[in-house]
Undergrad: 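Sending over a structure as C-alpha cells; questions will come in a sec.
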Protein chains: 2
Amino acid sequence: MAETDWTDRHVARWRDHWVDVPFDDDVEGVVVRIGRLQRYLKGTKQRAVTETGLQDFEYDTLHSLMIRDTPGTASPTDLADELGISGAGMTGRLDKLEQAGWVQRTVAPDDRRRVVVEITKAGADIWRRAMALRGSQEQQMVDVLSAKERATINRLLRKMTLHVEAQDPDPSAAKSKD
Amino acid sequence: MAETDWTDRHVARWRDHWVDVPFDDDVEGVVVRIGRLQRYLKGTKQRAVTETGLQDFEYDTLHSLMIRDTPGTASPTDLADELGISGAGMTGRLDKLEQAGWVQRTVAPDDRRRVVVEITKAGADIWRRAMALRGSQEQQMVDVLSAKERATINRLLRKMTLHVEAQDPDPSAAKSKD
DNA sequence: GACGAATAGTTCGCTGACGAATTACCTTGT
DNA sequence: ACAAGGTAATTCGTCAGCGAACTATTCGTC
C-alpha cells in the first residue's frame with residue numbers, strides 16, 4: 001500500500017466511531033471507492049457533454065436510445081425504464097429533444113397507443129461527438145492499471161455485478177446516469 | 001469467465017458499432033460495471049433509508065454531517081461542497097432538516113456570518129438506524145468475493161482513486177450520493 | 001360484437017435543486 | 001476610522017422530475 005487515498009483516511013477515521021453497525025474495512029473500501037470513481041466519471045461526462053452544447057439529460061437520453069439492440073429507436077417506456085426515470089419525466093425529455101430536433105416521435109401504425117422514438121441524423125451526430133470527448137477521459141482513469149490488472153478488476157467486478165443482477169431479475173433496470 | 005453479465009453483452013453488442021471512437025473492452029467494462037454497481041448501491045440505500053421514514057436527501061445530509069473529522073457539526077458551505085449541491089440547495093435542505101428536528105442551526109459567536117449546523121440526538125439516532133439497515137446490504141454485495149479478492153480489488157480501485165483524486169486536487173469535492 | 005380490464009402515453013400540481021442577485025458581516029489598506 | 005472588497009448564507013425565479021389522475025387505444029371474454 002504505497003499511498004493512502006481519501007477512502008483509506010475515511011475508513012481509518014471511522015473504524016472506531018462505529019457502534020451497533022457491522023463494519024468491515026474492505027467492504028466499506030469497495031463501496032466508498034466505487035462511489036468516488038462514479039462521481040469522477042459523472043464529472044468527466046458532464047464536462048464532455050457540456051462542450052458539445054447538449055444538456056446532461058439530453059445526452060443521457062440519446063445515449064440510451066443508441067446503446068440497445070435496436071439502436072436509434074425505442075418506445076418511451078423502455079427508455080424511461082432504462083434511464084430510471086418516470087414516464088412523466090420521459091415525456092418532458094422527449095418534448096425537449098424533439099423540439100431541439102435530436103429525435104422524432106411517430107405513432108406505431110399497428111398499435112396506435114404506442115409511440116416510436118427515433119433518433120435523427122443530427123441527434124446521432126451530436127451523440128457521437130459527445131461520445132468521442134468522453135471516451136478519452138474514461139480511458140485516462142483506467143490507464144493507470146496495467147493490461148493484466150484491467151483484466152483482473154473486470155473479473156472481480158463481474159463477480160459482483162452477476163450477483164446483483166441475479167438479485168434484481170429485471171434486466172431493464174439498468175444503466176442510470178453513467 | 002464462467003458467466004456473462006449485462007456488461008459483457010453490452011460490450012459484445014457494441015464493439016462493432018463503434019466508429020470514430022476509441023473503444024477498449026476492458027476500459028468500457030470497468031466504467032460500465034462501476035456504474036451498474038453504483039446504481040445497485042443507490043437502490044439498496046434508497047430502500048434502507050425509506051424504511052426509517054427519512055427522505056433520501058435528509059439521510060444524505062445527516063450522513064455527510066456525521067462522517068467528518070468533527071462528527072455532527074459543520075458549516076452549510078462545507079456540507080454543500082461535500083454533497084455536491086449548491087449553497088441555495090443546502091439552505092433548502094437545512095430548512096427541512098431543522099423543521100423536522102434532526103439538526104439545529106446557530107450563528108457562530110466569533111464570526112456572525114457563519115452558521116454552525118449541529119445534529120440533534122434524534123438526528124443521530126435515526127441516522128444510526130438507517131446506517132444499520134444499509135450496512136448489511138452492502139456487505140452482501142461484496143461478500144461474493146473472497147477475503148483475498150476483496151484485498152485485490154481494493155488495491156486496484158485505490159490505484160484509480162489515487163489517480164482521479166490527484167487530478168481533482170479539491171479533497172472536499174467528495175462523496176456525492178453514495 | 002360489446003363492455004370491462006389492461007396498457008401506453010400525456011397532463012397536472014408539487015418539490016428539490018440550481019444560478020444569480022441580495023443581505024449581512026468581516027477584513028484590509030490608506 | 002472608514003471605504004472597498006471579500007465572504008457566508010439566504011432569497012428569488014426557473015426548471016427537471018415525480019406520482020397521481022386522465023385519455024386513448026387494444027385485448028379478453030361472455
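We name chains A, B, ... by the order of the sequence lines, and we start the count at 1 in each one. The structure presented is a predicted model; accordingly, all values stated were derived computationally and were not measured.
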Undergrad: Between A/Glu28 and A/His10, is any side-chain donor less than 3.5 angstrom from a side-chain acceptor?
TA: yes

Undergrad: Base, sugar-phosphate, or nothing for A/Glu58, non-hydrogen atoms under 4.0 angstrom?
TA: nothing

Undergrad: Identify which nucleotide among D/dT25, C/dC26, D/dA16 has an atom closest to any side-chain atom of B/Arg112, counting heavy atoms from C-beta outward.
TA: C/dC26

Undergrad: For A/Asp56 and C/dA17, give me the distance from atom CG to atom C1', rounded to whole Å.
TA: 14 Å

Undergrad: Tell me whether A/Arg105 at atom CZ has more than 12 heavy atoms from other residues, nucleotides or ligands lying less than 6.0 Å away.
TA: yes

Undergrad: Calculate the interatomic distance between B/Lys96 atom NZ and D/dT10 atom C1'; express it in whole Å.
TA: 14 Å

Undergrad: Report the distance from atom CD of B/Gln99 to atom P of C/dG16, rounded to the nearest whole Å.
TA: 12 Å

Undergrad: Does C/dG29 have a Watson-Crick or wobble mate here (both distances under 3.5 Å), and if so which one?
TA: D/dC2

Undergrad: How many Å lie between CZ on B/Arg93 and P on C/dT15, as a whole number?
TA: 17 Å

Undergrad: So if I define the base as every atom that isn't primed, P, OP1 or OP2, how would nucleotides 7-14 of chain C read as a B/S/- string at a heavy-atom cutoff under 4.0 Å?
TA: BSSBB---

Undergrad: Starting from C1' on D/dG17, measure out to CD on B/Gln46 and report it in whole angstrom.
TA: 14 Å

Undergrad: Using a strict threshold of under 4.0 Å (side-chain N to carboxylate O), is an ion pair present between B/Glu165 and A/Arg36?
TA: yes

Undergrad: I'd like to know if A/Glu3 and B/Arg158 make a salt bridge, using a cut-off of under 4.0 Å between side-chain N and carboxylate O.
TA: no

Undergrad: Just jot down the salt bridge (Lys or Arg N to Asp or Glu O under 4.0 Å) partners of A/Lys148, sequence neighbours excluded, or say none.
TA: none

Undergrad: Establish, with yes or no, whether the OP1 or OP2 oxygen of C/dG16 is under 4.0 angstrom from a side-chain nitrogen or oxygen of B/Gln55.
TA: yes

Undergrad: So, the side chain of A/Glu149 versus the backbone of A/Ser146: is there a donor-acceptor pair under 3.5 Å, distance only?
TA: yes

Undergrad: Could you state the atom-to-atom distance from CD of B/Glu98 to P of D/dA9 in whole Å?
TA: 13 Å

